Visitor: 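I have a structure I would like to understand better, so I am pasting it below and will then ask my questions one at a time.
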Amino acid sequence: MFRVRLWAGCLSILLASQAWATEQPRLVQQQGRFALFVDGAPYTVMAAQLHNSSAWPEILPSIWPSVEALHANTLEAPVYWEQFEPQSGHFDTTNIDALIDQSRQHGVRLILLWFGSWKNGQMHYVPTWIKNDPVHYPRAQDEHGEPVEDLSPYADANLQADKTAFAALMHHLKQKDGQQHTVILVQVENEPGMIGSIRDHGAAANALFNDKLPAQLAASLHKPTGTWSDVFSADADEMFNAYGVARYIDQVAAAGKAEYPLPMYVNAWLRYKGKHLPGYDYPSGGATWNVLDLWKASASHIDFVGTDLYSTDYNEFTKVVDQYARSDNPVWISETGYEAGNAPYFFHVLAKGGIGFSIFGVDNDEDTSKRQAATAAHARNFQLVGAMQRQVAQAAFVGQLFAAVEQPGQPQKTLDLGRWQARVSFGAPMWGDAPAELPGNPSADGHLLIIRQSATEFLVAGINARVEFERHDDDHRHGQLLRVEQGSFVNGQWQVKRLWNGDETDYGLNFGTQPTMLRVTVGSY
Ligand code: DGJ
């Protein structure tokens with residue numbers, strides 16, 4: 001009798017733990033498109049990133065109102081090497097445990113940012129026992145032989161120390177979170193590369209620099225063999241440093257994945273806004289667009305490269321997105337500014353098949369009107385997309401998501417939806433005829449997304465935009481709106497709140513600042 005009860009008890013524990021276990025997050029690539037699978041299905045990351053010094057147990061309780069105000073589904077928070085390994089080989093999981101426990105309590109997923117050897121092109125987060133021992137843990141040197149505030153990527157002691165700590169972190173994560181998968185992604189280092197010198201000029205680095213490029217790298221880049229200077233001429237120093245940094249980080253990531261293979265990425269301090277001096281304008285050797293092929297060839301344990309994209313300028317933002325939207329890299333905005341002007345670009349990222357968008361510096365007690373406008377702009381997007389997050393992620397993955405983002409001076413855009421076109425206007429009134437010359441929105445902040453569910457059925461959500469559906473089949477039939485439902489998804493099922501007709505459809509479908517979602521069915525006669 002006792003034995004039977006014991007077995008029954010074990011069985012129920014087993015069943016309970018199986019019900020609780022979720023599928024491990026993974027990056028899936030299909031026909032040049034990507035999705036981050038979380039709980040077994042594509043997931044759009046709508047993240048709130050903490051300020052650098054906020055991931056402490058005493059501080060965390062104060063950050064949640066900001067995360068919730070934004071309707072973020074994911075928190076991004078640093079893990080500080082100096083806190084995690086205060087003495088060599090002694091690991092302190094207090095901060096990570098608090099992050100995981102509190103994220104679970106607040107119902108959000110978590111992305112951990114490993115502030116290890118690099119943070120913004122410098123080494124400020126390495127533990128004191130490393131900072132105080134440059135003989136064992138050498139610094140990189142500038143061209144005059146002066147040390148810079150970076151660990152040398154060519155010193156094995158540095159690499160081993162970072163690998164050991166990162167592996168310990170991933171080991172702990174597997175123990176604590178290997179079933180529930182609150183943590184969905186890990187960023188390895190933060191904006192790596194070197195500030196203060198274009199490359200390390202220490203003795204070990206110089207010897208490698210004067211040697212030939214590794215044959216495998218030359219082959220992957222379709223370059224001849226030769227020294228770095230032979231092959232890359234004026235770009236040799238930067239390419240060499242990128243190789244050193246990428247190889248170092250790849251080995252840190254590999255050590256972590258050997259413990260627990262979550263998807264991992266690096267974030268780039270970008271080479272943009274006219275900045276072009278490696279080591280001064282941006283960290284030399286980080287995954288900037290000009291060295292991205294080299295990074296891809298040298299860091300196979302890094303699943304993708306994210307962009308820390310702090311521009312509100314349409315041309316600049318979309319240019320960078322295009323540089324990183326590649327068949328070997330998904331668009332991932334690893335950081336963007338807490339500004340209203342950045343919010344519309346979320347839709348552009350989704351239309352490029354992007355996996356997510358993260359707003360930096362969400363915990364801030366400033367209560368300025370600028371801050372309030374930024375919160376409102378980001379929150380309504382996250383709320384809108386959050387209500388159909390799985391549908392959005394799936395549509396982005398299979399190329400059925402389309403978006404129009406307002407560009408100053410261009411108040412009209414056309415989206416090609418196959419047999420139908422969507423004409424999107426910015427600056428038209430909420431109903432009534434649009435003026436002959438559309439003015440655009442005063443802050444040029446209109447944006448709209450469309451998910452094509454079938455050839456004649458579309459989900460539409462937008463902010464400060466009008467959309468008209470036009471048939472462009474050449475069969476002399478006319479297009480018509482058959483049914484326009486306003487509604488929302490409840491537990492994954494579409495629920496209709498009301499039908500739009502009359503003034504609400506005769507002048508296009510108009511979206512203001514309130515998060516609104518429509519399901520539109522079109523037909524012909
Ligand atoms: C980019 C860094 O990755 C962040 O940690 C933070 O320092 C921001 N810059 C500040 O703008």
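Computed from a predicted structure; not experimentally measured. Just follow the structure's listing: the first ligand is 1, and inside any ligand the first atom is 1.
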Visitor: Is the closest heavy-atom distance from Y310 to ligand 1 below 4.0 Å?
Guide: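 Checking ligand 1 against Y310, which is what was asked, there is a heavy-atom contact under 4.0 Å.
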
Visitor: Among all protein heavy atoms in this structure, tell me which lies nearest to atom 6 (C) of ligand 1, with the distance rounded to 0.1 Å.
Guide: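 Protein heavy atom at minimum distance: F360 CZ, 3.5 Å.
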
Visitor: Quick check on side chain to side chain contact (heavy atoms under 4.5 Å, CB included): which of I333, N315, L309 does V320 satisfy it with?
Guide: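 With V320 as partner, I333, N315, L309 yield a single side chain to side chain contact (heavy atoms under 4.5 Å, CB included), made by L309.
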
Visitor: Looking at E335, which atoms of ligand 1 are within less than 4.0 Å of one of its heavy atoms?
Guide: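 Every atom of ligand 1 under 4.0 Å from some heavy atom of E335: 1 (C), 2 (C), 3 (O), 4 (C), 8 (C), 9 (N).
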
Visitor: For the residue pair Y125 and Y80, categorise the inter-ring angle as parallel (less than 30°), tilted (30 to 60°) or perpendicular (more than 60°).
Guide: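 The arrangement is parallel - the two ring planes meet at less than 30°.
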
Visitor: What are the atoms of ligand 1, with element, lying closer than 4.0 Å to any heavy atom of D308?
Guide: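 Answer, ordered by atom number: 3 (O).
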
Visitor: Could you tell me the residue and atom name of the protein heavy atom closest to atom 2 (C) of ligand 1, and the distance to it rounded to 0.1 Å?
Guide: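 Result for atom 2 (C) of ligand 1: N120 OD1, 3.3 Å.
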
Visitor: If you apply the rule ring-ring contact (aromatic ring centres under 6.0 Å, His included), what do you find for Y243 with W228, and how did you get there?
Guide: CA-CA 11 Å; Y243 184 67; W228 289 84; 5.7 Å; yes

Visitor: Geometry only, no angles: is Q49 polar-contacting ligand 1 at N/O separations under 3.5 Å?
Guide: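 Among all N and O atoms of Q49, none is under 3.5 Å from an N or O of ligand 1.
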
Visitor: With sequence neighbours left out, which residue pairs that include part of residues 268-281 fulfil the side-chain hydrogen bond (donor to acceptor under 3.5 Å, both in side chains) condition?
Guide: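 Residue pairs passing side-chain hydrogen bond (donor to acceptor under 3.5 Å, both in side chains), neighbours aside: R271-Y282.
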
Visitor: Could you tell me if D162 and W81 have a donor-acceptor pair between their side chains, going purely by distance under 3.5 Å?
Guide: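 The answer is no; no qualifying pair exists.
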
Visitor: Mind checking whether H51 has a heavy atom under 4.0 Å from ligand 1?
Guide: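 In this structure, H51 fails to qualify as a contact of ligand 1 - no heavy atom is under 4.0 Å.
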
Visitor: If the cut-off is 4.0 Å to any non-hydrogen atom of E191, which atoms of ligand 1 fall inside it?
Guide: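 Listed by number with element: 1 (C), 2 (C), 3 (O).
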
Visitor: When you look at CD of Q31, are more than 12 heavy atoms from neighbouring residues, nucleotides or ligands closer to it than 6.0 Å?
Guide: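 Not more than 12 within 6.0 Å, no.
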
Visitor: Run the numbers on R139 and N158 for side-chain hydrogen bond (donor to acceptor under 3.5 Å, both in side chains), then give the verdict.
Guide: CA-CA 9 Å; R139 308 274 166 111; N158 296 340; over 6 Å; no

Visitor: Can you name the atoms of ligand 1, numbered from 1 with element, that are less than 4.0 Å from a heavy atom of N190?
Guide: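 Those atoms are 2 (C), 3 (O), 5 (O).
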
Visitor: Heavy atom to atom 5 (O) of ligand 1, shortest distance: which of L113, N52, L50 holds it?
Guide: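 Looking at heavy atoms only, the winner is N52.
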
